[in-house]
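Step one of this worksheet: look at the structure below.
Note that the structure is a prediction, hence the values are computed from the model and not measured.
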Amino acid sequence: MQEQELFAKMSHTILKGEIEEAGELARKAVEMKIDPIVAVNNGYTKGLDEVGRLFRTGEYFLPDLVAAGEAMKHALDVFDPFLKSRKTEKKLMGTVVLGTVEGDFHDIGKGIVGSMLVAAGFEVIDLGVNVSAQKFLNAVKELKPDILGMSALLTTTMPNQKKVIELLEEAQERQNVKVMVGGAAVTNKWAMEISADAYGEDAMAAVTVSEQFAATSVKNQANLTPTINRIRM
Ligand code: B1M
């Protein structure tokens, strides 16, 4: 099977919510030595975008969205060990606390970001989905991460990213951590509006931004605060 054909089939399994088939195609991609990220971007995500479009136009319903999400997660389960096994022997790049904000249960993109950060040498503490502002704050206080990453896929939950930043400020913890925001609903403009330190447009950008933070370590060189525009990929 050619790569393009495989990608089209991957997209199709998501559209149809074919869980087992989505996993089989992921295994096929591994066999063909296709980069998991390329397969996710060119195959499965295309399907998810189409599912999103069909949901918006009223042709698909919630069960279709659920099935698509399940199929995607099944494929990611196959890829995950391969993504993480890229981890190099280099020293720990830093610690990232990651979570999807309160009211939001989307975790596919966050999962990809987390796996790629692990592969890039970061320790990732994933707080999961529907994470309250207080829980993010507690994690910053207790775990003292270099980066706090918040994902939001709904326009209704984006404001919870702002709420976390405000809570960090109130608790005088804001200067101790770099805040990165991302997720389908989020834009660079929004990130600037809420005074986040970075916007990750996709998982690759999230890794690049985190690497830049590591290179200018918050803890070692607190004098450098890149603006979102400068670090946006
Ligand atoms: Co939902 N959903 N969903 N959904 N869902 C969207 C987001 C939506 C755009 C669909 C649509 O209407 N077209 C829409 C949001 C509209 C809006 O607010 N603008 C929507 C809706 C409305 C809903 C419900 C409200 C539906 C309902 O109940 N009536 C409901 C909300 C539930 C809740 O959270 N409270 C809901 C539920 C669900 C499911 C649970 C069924 C399922 C999620 C399953 C799961 O995650 N485990 C689901 C799905 C699958 C989708 C779509 C189809 C796909 C989302 C996805 O995983 N994309 C989505 C439509 C779409 O986006 N095309 C949709 C793939 C993923 C790789 O992309 O998460 O953007 P993404 O991550 C990217 C980047 O954004 C970035 O890197 C990732 C990889 O490149 N990134 C970061 C992500 N997080 C980052 C963090 C960073 C940096 C980068 O730093 C910290």
Side-chain angles (χ1 to χ4, degrees), residues 1-52 65-90 92-100 105-129 147 149-151 153 180-184 186 198-212 214 233:
M1 191 174 354
Q2 298 292 308
E3 274 190 18
Q4 290 312 320
E5 192 190 339
L6 183 70
F7 295 153
K9 284 190 172 174
M10 287 169 166
S11 171
H12 187 79
T13 57
I14 300 296
L15 262 177
K16 298 289 169 196
E18 296 170 346
I19 297 172
E20 291 308 319
E21 291 80 351
E24 267 166 39
L25 294 175
R27 279 185 282 276
K28 182 83 191 153
V30 170
E31 251 173 61
M32 289 168 71
K33 300 203 179 336
I34 295 171
D35 185 326
I37 289 301
V38 173
V40 167
N41 289 343
N42 296 353
Y44 298 110
T45 302
K46 294 262 190 296
L48 273 182
D49 286 344
E50 182 60 5
V51 168
L65 216 57
V66 173
E70 288 302 312
M72 177 75 170
K73 289 196 85 166
H74 198 62
L76 288 176
D77 284 346
V78 173
F79 285 141
D80 204 47
F82 293 93
L83 275 177
K84 288 182 177 157
S85 70
R86 290 170 168 180
K87 189 171 175 175
T88 53
E89 289 307 311
K90 62 187 168 190
L92 183 70
M93 297 283 282
T95 306
V96 184
V97 162
L98 200 60
T100 302
F105 290 84
H106 295 85
D107 67 354
I108 293 171
K110 171 180 67 64
I112 299 174
V113 169
S115 297
M116 288 189 62
L117 284 170
V118 169
F122 289 87
E123 183 189 358
V124 174
I125 298 146
D126 191 338
L127 302 180
V129 295
I147 301 168
M150 291 183 278
S151 193
L153 267 86
M180 173 166 63
V181 292
V186 178
Y199 161 60
E201 191 166 19
D202 55 27
M204 277 309 294
V207 169
T208 309
V209 162
S210 303
E211 284 172 343
Q212 287 174 356
M233 295 300 107

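When all heavy atoms are compared, the tightest approach of Leu48 to Ala68 is CD2-CB, 4.0 Å. Heavy atoms only, all atoms of each residue included: Ile112 and Ala203 are closest at CG2-CB, 3.8 Å. Smallest separation of non-hydrogen atoms from Ala120 and Val207: CB-CG1, 3.7 Å. Heavy-atom minimum distance, Val209 versus Ala198: CG1-CB, 3.3 Å. Counting all heavy atoms, side chain and backbone alike, Met72 lies closest to Tyr44 at SD-CB, 3.4 Å. The two residues Ser151 and Gly183 come nearest to each other via the heavy atoms OG-CA, 4.1 Å.
Qualifying side-chain hydrogen bond (donor to acceptor under 3.5 Å, both in side chains) partners for Glu50, counting only residues two or more places apart in sequence or in other chains: Arg53. Considering only residues two or more places apart in sequence or on other chains, Lys73 meets the side-chain hydrogen bond (donor to acceptor under 3.5 Å, both in side chains) condition with Asp107. Partners of Asp35 by side-chain hydrogen bond (donor to acceptor under 3.5 Å, both in side chains), not counting sequence neighbours, listed by chain and number: Arg86. Every residue two or more places apart in sequence or in another chain was checked for a side chain to side chain contact (heavy atoms under 4.5 Å, CB included) with Ala67, and none qualifies. Applying the side-chain hydrogen bond (donor to acceptor under 3.5 Å, both in side chains) criterion to Ser210, with sequence neighbours excluded, gives no partner residue.
Between Leu76 and Val40 there is a side-chain heavy-atom pair separated by less than 4.5 Å. Side-chain atoms of His106 and Lys110, non-hydrogen and from C-beta on, never get closer than 4.5 Å to each other. By the 4.5 Å heavy-atom criterion applied to side chains, Phe79 and Val30 are counted as neighbours. Met150 has its side chain out of reach of Met180: every pair of non-hydrogen atoms, C-beta onward, lies at least 4.5 Å apart. Here the side chains of Asp202 and Val113 are not in contact, with every heavy-atom distance at 4.5 Å or above. Under the 4.5 Å side-chain criterion, counting only non-hydrogen atoms from C-beta, Ile147 is not in contact with Val97.
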Checklist entry - Checking side-chain contact (heavy atoms from CB on, under 4.5 Å) for the pair Met32/Lys28: CA distance, chi angles, key distance, verdict? => result CA-CA 6 Å; Met32 289 168 71; Lys28 182 83 191 153; 4.0 Å; yes

Item to check | Pair Ile125-Leu98, side-chain contact (heavy atoms from CB on, under 4.5 Å): steps then yes or no | outcome: CA-CA 6 Å; Ile125 298 146; Leu98 200 60; over 6 Å; no

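Screening residues 114-124 for salt bridge (Lys or Arg N to Asp or Glu O under 4.0 Å), with sequence neighbours left out, gives no hits.
A side-chain donor-acceptor contact under 3.5 Å links Tyr199 to the backbone of Val186. A donor-acceptor pair under 3.5 Å is absent between the side-chain atoms of Thr100 and the main chain of Phe105, judged by distance alone.
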Please list, one pair per line, the donor and acceptor atoms closer than 3.5 Å that link side chains of residues 5-15 to other protein atoms, with sequence neighbours excluded.
unit_1 : atom_1 : unit_2 : atom_2 : d
Ser11  : OG     : Gly47  : N      : 3.3
Thr13  : OG1    : Met10  : O      : 2.6

Show every donor-acceptor pair shorter than 3.5 Å between a side-chain atom in residues 16-27 and any protein atom, with sequence neighbours excluded, or say none if there are none.
none

